[in-house]
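Note that the structure is a prediction, hence the values are computed from the model and not measured. Keep in mind that the numbers below use all heavy atoms, side chains included, and drop hydrogens, waters and symmetry copies. Every number for a ligand or one of its atoms is a count from 1 in the order of the listing.
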Amino acid sequence: MKIIRSPKEMQNISKGYLNISIGFIPTMGFLHEGHKSLIAEAKRHHEIVVVSIFVNPLQFGPDEDLERYPRDEARDITLLEELNVDYAFIPTVEEMYPVEPRMKMQMIDRVAVLCGRSRTNHFDGVAMVVTKLLNIVKPTHIYFGLKDAQQFAVIQAIIEDLNIDVKMIGMPTIRESDGLAKSSRNVYLDEVERAEAIELSRSLKIGQRLLTNGEKNSEVIIQAVKEHINETTSAEIDYLEILTYPELLAVKKINEDIVIAGAVKFKKARLIDNLLLTADGNIKQWT
Ligand code: AMP
């Protein structure tokens, strides 16, 4: 595996792979099984696999966890080597943003809901870095986890709006054995919170079961899910929403594909989770 620090060098390498399929997995590092599943899938399909590790300051709000975001580059590199990744692209902030950007990307659709509501400008920062990374790595395919369902929907909109020549692959959420979605931020949880955190995924399943049993009123489902979280955890609910997917529009009566998504705040960790479901409550396969 080659470790590349310079965007220019990465770009030159990618240019050399004309007509060769490149699978790309952008990450913020502190890699876990969720990231691994994306990499393993890319390895199955592409001649060249590139993984980036970059904690993008543009997508963190002033009160968010940019400084204390967990990092362990040495461990990540070992893991990427074990997975036979071809290139680890690990630029510094100075290399990615040598000058203060003279332009900004502003998402106007798919961002007034879910994480976008409280994380103002978050998806503008994501839009900027993903567009830059696509221009640097020039992949044929880019892999994302559907755990970040809104991120997937937003990036899909960018790729369509800008006619970017890349295919997006959305991968299912990898979970701990008790159901908690794997996340680099899970390390922030104390012991009691870790035990409570599984209730987020449990609550979404309660919502799913209601839908499967014929409850089509999204408000009724949302209330039941919220009640479960409030009764079983000390966490504060940031949001709990049912929206069409990937358009992310409000839905009263469920008769199409939806996402049921929640974010809860523990003392030091804000956790998100979701289920992508058909109108009948079955897990939606994303290909
Ligand atoms: P991050 O490092 O958190 O920015 O995540 C990098 C990529 O890994 C994103 O596309 C995430 O959606 C994906 N990812 C993170 N956690 C998981 C998970 N538990 N299961 C599947 N994909 C994940």
**Prompt:** Out of Y69, F54, F144, F30, whose heavy atom is nearest to atom 3 (O) of ligand 1?
**Reply:**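 Looking at heavy atoms only, the winner is Y69.
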**Message:** Looking only at the side chains, is there a donor atom on one of Y245 and N274 sitting less than 3.5 Å from an acceptor on the other?
**Reply:**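 No donor-acceptor contact under 3.5 Å links the two side chains.
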**Asked** Does a donor on one side chain and an acceptor on the other come within less than 3.5 Å for Y97 and N56?
**Response**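 Distance-only check passes for Y97 and N56.
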Tell me whether [X] has any N or O atom under 3.5 angstrom from an N or O of ligand 1.
X    : result
S183 : no
M28  : yes
G145 : yes
T173 : no
I174 : yes
K182 : yes

**Asked** Taking 4.0 angstrom as the limit, do D273 and R175 come out as a salt bridge?
**Response**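 Counted as a salt bridge, because a side-chain N and a carboxylate O are separated by less than 4.0 Å.
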**Request:** Using a strict cut-off of less than 4.0 Å between a Lys/Arg side-chain nitrogen and an Asp/Glu carboxylate oxygen, indicate whether D190 and K267 qualify as a salt bridge.
**Result:**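 Counted as a salt bridge, because a side-chain N and a carboxylate O are separated by less than 4.0 Å.
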So, the side chain of [X] versus the backbone of [Y]: is there a donor-acceptor pair under 3.5 Å, distance only?
X    : Y    : result
R194 : L189 : no
S218 : K252 : yes
N186 : A181 : yes

Tell me, which protein residue and heavy-atom name are nearest [atom], and how many Å apart are they?
atom                    : answer
atom 21 (C) of ligand 1 : P172 O, 3.5 Å
atom 6 (C) of ligand 1  : P26 O, 3.4 Å
atom 15 (C) of ligand 1 : H32 CE1, 3.9 Å
atom 1 (P) of ligand 1  : H35 NE2, 3.6 Å
atom 11 (C) of ligand 1 : D148 OD2, 3.1 Å

**Prompt:** Closer than 4.0 angstrom: is that true for some heavy atom of M171 and an atom of ligand 1?
**Reply:**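 No.
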**Request:** Would you mind listing which atoms of ligand 1 come within a distance below 4.0 Å of any non-hydrogen atom of G34?
**Result:**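 With G34 as reference, the close atoms of ligand 1 come out as 17 (C), 18 (C), 20 (N), 21 (C), 22 (N).
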**Message:** Check this for me: N213, atom CG, are more than 12 non-hydrogen atoms of other residues, nucleotides or ligands nearer than 6.0 Å?
**Reply:**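 Yes, CG of N213 has more than 12 neighbouring heavy atoms, counting only those of other groups under 6.0 Å.
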**Residue portion contacting ligand 1 (non-hydrogen atoms closer than 4.0 Å) for L38** =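 Under 4.0 Å from ligand 1, L38 contributes side-chain atoms alone.
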**Request:** Considering only Ile, Leu, Val, Met, Phe, Trp and Tyr, and joining two whenever side-chain heavy atoms are under 4.5 Å apart, list the other residues clustered with L18.
**Result:**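 Cluster partners of L18: none, it stands alone.
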**Message:** Can you list, by chain and residue number, the hydrophobic cluster partners of I108 when the side-chain cut-off is 4.5 Å?
**Reply:**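 Its cluster partners, ordered by chain and number, are none at all.
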